[in-house]
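Only one structure is covered here, and it is reproduced in the block below.
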Amino acid sequence: MFDIHSHIIYHIDDGARDIEESVELIRSDTRQGVTDIIATPHYYVQYPTDPKRINEKLLDIKQAVSKEGIEVNLYTGNEVLYFDSMTERLKSGEILTLCGSKYTLIEFYPLESYTTIMKCIRNVRQAGYRPVIAHAERFKGLQDNGLSEVISQGAYIQLSTEPLTRRGLGAMLDRETVFVRNALKKRQGHFLGTDMHRTDTRPPKVEGALNWIQKNLDPEYAEKVLSGNARRIVEDVEIN
Ligand SMILES: [Fe+2]
């Protein structure tokens, strides 16, 4: 699987606390079947990240994982909490796109209005970028309105693996789990991400999600959502 959403860069946001934790997160992710990970530190308008620092730290992490014999491809990006002028910062290179492509990972406040979500998609598209909505299951605006319209306006959808690992009656009643399962059954998800932060809080949860996908999705779509679509990010081409 290609994990397009993670907080594995240490000392940048509320993710990994040191390089050892970065390596542990990556080890756990790869043991569960992940081959590629995009590091997406939070970017807030009031707390911008420094792209140079992110790139330097990723180099250190790459060295550390290869020393440990962990096979994985690592890339950089940002997870941006949407703000109106974000496209200017994409253009100036202050915000890192996913793998240096035109794809940009965007989140909202959980209760953000659907109107703002739609405005975001239009703004980002008009500026020549491809918006990917991070953990789409979390937003009330999308729970209420569904995904068809945002997708038709040019948004791509990242769903989280963790809700797919929830089990039993609890999962059947759980809003996020139901949302992710339905989106995948309707083929509305384009990418998966763990959104892993730390080894004790929000570790990567992948294995159960892969089992669910194998049981419930047709193999051709499963391949796309697991990794085929994410390869289009690396190639920087549109997904059809
Ligand atoms: Fe995140």
Side-chain angles (χ1 to χ4, degrees), residues 1-17 21-22 24-26 28-29 32 34 36-51 53-55 57-58 61 72 74-83 86 89-90 94-99 101 103-112 117 120-121 124 129-143 150 155-166 175-177 179-180 183 189-206 209 225 229-230 233:
M1 185 191 116
F2 200 127
D3 181 359
I4 78 150
H5 186 163
S6 73
H7 300 269
I8 53 172
I9 308 237
Y10 60 101
H11 290 175
I12 291 272
D13 59 5
D14 57 342
R17 284 160 284 198
E21 188 161 35
S22 303
E24 276 318 304
L25 287 168
I26 294 165
S28 171
D29 215 21
Q32 296 176 71
V34 168
D36 297 70
I37 305 170
I38 309 180
T40 52
H42 288 288
Y43 188 104
Y44 302 118
V45 66
Q46 318 89 314
Y47 303 105
T49 49
D50 175 2
R53 241 181 112 217
I54 293 175
N55 280 306
K57 283 177 184 291
L58 191 78
I61 294 169
V72 65
L74 301 174
Y75 312 86
T76 53
N78 267 129
E79 175 187 16
V80 188
L81 179 64
Y82 179 69
F83 57 99
M86 73 167 273
R89 298 203 195 175
L90 282 167
E94 284 168 84
I95 293 176
L96 290 171
T97 59
L98 300 177
C99 314
S101 70
Y103 288 84
T104 175
L105 187 66
I106 304 169
E107 67 170 340
F108 305 98
Y109 291 107
L111 300 179
E112 187 57 270
I117 295 175
C120 158
I121 308 304
V124 171
Y129 294 90
R130 302 178 183 126
V132 179
I133 301 180
H135 38 61
E137 70 278 358
R138 283 204 211 159
F139 306 111
K140 185 167 187 305
L142 299 179
Q143 283 165 356
V150 286
Y156 291 110
I157 303 299
Q158 180 252 305
L159 301 164
S160 304
T161 52
E162 188 275 328
L164 285 178
T165 66
R166 298 177 197 166
R175 223 170 207 253
E176 292 186 359
T177 303
F179 186 98
V180 174
H190 301 97
F191 309 110
L192 295 169
T194 56
D195 198 9
M196 56 180 162
H197 277 68
R198 294 182 168 182
T199 49
D200 50 357
T201 53
R202 304 171 80 182
K205 291 195 178 172
V206 175
V225 78
N229 287 339
I233 297 178

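We count ligands from 1, going down the list as the structure has it; atoms in each ligand are counted the same way.
The side chain to side chain donor-acceptor pair (under 3.5 Å) search around Ser6 returns none, not counting sequence neighbours. A search for side chain to side chain donor-acceptor pair (under 3.5 Å) contacts involving Ser28 returns Gln32, not counting sequence neighbours. Judged as a salt bridge (Lys or Arg N to Asp or Glu O under 4.0 Å), and not counting sequence neighbours, the contacts of Asp195 are Arg138, Arg202.
Ion pairing of Asp50 with Lys57 is absent here, as no side-chain N (NZ or NE/NH1/NH2) approaches a carboxylate O to less than 4.0 Å.
When Phe108, Tyr156, Tyr82 are each tested for a side-chain contact (heavy atoms from CB on, under 4.5 Å) with Ile133, only one passes: Phe108.
Taking a cut-off of 2.8 Å, the protein N, O or S atoms nearer than that to the Fe ion (ligand 1) are His5 NE2, His7 NE2, Glu79 OE1, Asp195 OD1.
Residues Glu162 and His135 bring no donor and acceptor atom of their side chains to less than 3.5 Å of each other.
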